[in-house]
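Notes follow once the structure below has been shown.
A, B, ... follow the sequence lines: proteins, then strands. Residue 1 opens every chain.
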Number of protein chains: 2
Amino acid sequence: MDTFKIDDVAKASGLTKRTIRYWEEIGLLMAPERSEGGMRLYTRQHLERLQQIMKARDVLGYTLQEIQEFVAIREELLNHRQTYLNVEDQEQKKQELLEMKRIVSQQIEMVDQKLETLNEFRKELDHMTTRIENGLVQLQTTPREGDSN
Amino acid sequence: MDTFKIDDVAKASGLTKRTIRYWEEIGLLMAPERSEGGMRLYTRQHLERLQQIMKARDVLGYTLQEIQEFVAIREELLNHRQTYLNVEDQEQKKQELLEMKRIVSQQIEMVDQKLETLNEFRKELDHMTTRIENGLVQLQTTPREGDSN
DNA sequence: TCAAAAGTTAACGTTGACGTTAACGTTAAA
DNA sequence: TTTAACGTTAACGTCAACGTTAACTTTTGA
């Protein structure tokens with residue numbers, strides 16, 4: 001079969017069933033097809049989406065609302081291929097594209113800011129490692145008060 | 001004076017007074033000295049600490065608990081200079097240093113993971129920008145159905 | 001076929017991270 | 001000195017992001 005039940009998805013993703021349903025409830029995960037009886041039937045696409053959301057949540061520390069904004073833009077870009085017809089539609093599409101560009105620019109700025117700070121943190125951690133190892137060496141080379149000399 | 005009242009700290013940091021007190025309450029910010037009457041008297045060190053916490057919260061998306069762990073280690077390294085006396089103290093200090101090294105290694109791993117994912121995101125955002133701008137160019141060069149030719 | 005396993009919705013509970021309000025004490029400037 | 005501005009603690013409120021439980025229906029394997 002090409003579809004998964006919610007427990008399969010939960011196990012594959014590491015999320016709880018509640019969380020999966022919750023994310024659907026708030027519009028973060030697209031609602032899957034249902035069986036005759038009403039069971040959710042997920043596809044690979046749902047799994048991929050969940051992975052993306054988890055990455056954004058865990059790594060970027062975004063709220064689900066912020067993630068939703070990002071994912072929405074991304075989706076819009078994909079669905080939103082060549083579909084302009086007349087002058088008004090062109091004008092509208094232009095406005096949409098400009099709005100998307102604005103939001104994406106904002107997000108780039110945020111990501112760059114995060115990258116910068118993360119690199120600072122990384123340096124500090126390296127520094128701490130050095131200091132710890134120096135401390136360990138000190139212990140080796142300075143055994144005890146008046147020992148062996 | 002070398003001390004600040006809570007409202008000064010709030011304005012300097014952009015946090016609310018409530019948040020500052022809350023962070024002290026959960027042990028994230030060291031409790032400042034008090035005046036005769038009981039008013040909190042902060043120093044520059046408190047301000048610096050608050051900046052660090054804010055960075056970790058906003059950029060790394062850590063919970064306050066996680067931040068506390070990071071900050072604690074850092075503090076320990078600073079306070080924890082050459083203070084070994086006898087063999088048992090040396091052994092204890094060695095264990096402490098090894099434990100700190102373990103935790104710092106963990107944190108480095110997490111930061112590296114975050115950096116990697118952030119760079120992926122950054123690339124994707126660039127890609128989106130390109131696509132949006134292509135869309136805009138398309139609109140310019142394909143004005144209207146059967147226009148001007 | 002039929003019970004156990006797994007699914008569903010609905011609703012209330014919980015936890016972290018504060019916001020808000022109340023009731024009161026302290027500082028500082030007029 | 002006195003009063004407005006600012007500080008304090010204590011307690012309850014809130015919001016996001018789920019956890020948990022209940023009451024019920026659908027699937028499934030022996």
Inset, instruction - May I have the distance from Ile20(A) (atom CD1) to dA6(C) (atom P), rounded to whole angstrom? - result: 15 Å
Inset, instruction - Could you pull out all residues at least two apart from Glu133(B) that satisfy salt bridge (Lys or Arg N to Asp or Glu O under 4.0 Å)? - result: Lys101(A)
Legend entry - Pair listing, salt bridge (Lys or Arg N to Asp or Glu O under 4.0 Å) test, anchored in residues 52-70 of chain A, at least two apart: Lys55(A)-Glu120(B)
Inset, instruction - Among residues two or more places apart or on two chains, list those pairs meeting side-chain hydrogen bond (donor to acceptor under 3.5 Å, both in side chains) that have a residue in residues 21-37 of chain B. - result: Glu24(B)-Arg40(B)
Inset, instruction - Please name all residues satisfying side chain to side chain contact (heavy atoms under 4.5 Å, CB included) with Gln65(B), sequence neighbours left out, ordered by chain then number. - result: Thr63(B), Gln68(B)
Inset, instruction - Just jot down the salt bridge (Lys or Arg N to Asp or Glu O under 4.0 Å) partners of Glu116(A), sequence neighbours excluded, or say none. - result: none
Legend entry - Contacts of type salt bridge (Lys or Arg N to Asp or Glu O under 4.0 Å), residue Glu109(A), not counting sequence neighbours: none
Inset, instruction - For a side-chain contact (heavy atoms from CB on, under 4.5 Å) with Tyr42(B), tell me which candidate from Asp8(B), Thr3(B), Leu29(B), Leu47(B) qualifies. - result: Leu29(B)
Legend entry - Nucleic acid contacts of residues 43-69 of chain A, taken as heavy-atom distances under 4.0 Å to DNA chain D: Arg57(A), Thr63(A), Leu64(A), Gln65(A)
Legend entry - Electrostatic pair Arg102(B)-Glu99(B), nearest N-O below 4.0 angstrom: yes
Inset, instruction - Return yes if some donor-acceptor pair links the side-chain N/O of Lys5(B) with the main-chain N/O of Met39(B) below 3.5 Å, else return no. - result: no
Inset, instruction - Output yes when at least one side-chain N/O atom of Arg40(A) is less than 4.0 Å from OP1 or OP2 of dG7(C), else no. - result: no
Report each atom pair, protein N/O against N/O of nucleotides 24-30 of chain D, whose distance is under 3.5 angstrom.
from	atom 1	to	atom 2	distance (Å)
dT27(D)	OP1	Ser35(A)	OG	3.1
dT27(D)	OP1	Gly37(A)	N	3.0

Inset, instruction - Given side chain to side chain donor-acceptor pair (under 3.5 Å), test Thr130(B) with His127(B) step by step and report yes or no. - result: CA-CA 5 Å; Thr130(B) 303; His127(B) 190 209; over 6 Å; no
Might you list the N or O atoms of the protein lying below 3.5 Å from N or O atoms in nucleotides 19-23 of chain C, with each pair's distance?
from	atom 1	to	atom 2	distance (Å)
dG19(C)	OP2	Thr16(B)	OG1	2.7
dG19(C)	OP2	Thr19(B)	OG1	3.4
dG19(C)	N7	Arg18(B)	NE	3.2
dG19(C)	O6	Arg18(B)	NH2	3.0
dT20(C)	O4	Arg18(B)	NE	3.3

Inset, instruction - For atom CD of Gln95(B), decide whether the heavy atoms of other residues, nucleotides or ligands shown that lie under 6.0 angstrom number more than 12. - result: yes
Legend entry - Residues forming a ring pair (Phe, Tyr, Trp, His ring centres under 6.0 Å) with Phe121(A), sequence neighbours excluded: Phe70(B)
Inset, instruction - Check each residue of residues 21-34 of chain A for a non-hydrogen atom within less than 4.0 Å of any atom in DNA chain D, then write out the ones that pass by number, or none. - result: Tyr22(A), Trp23(A)
Legend entry - Partners meeting salt bridge (Lys or Arg N to Asp or Glu O under 4.0 Å) with Asp7(A) (sequence neighbours left out): Lys11(A)
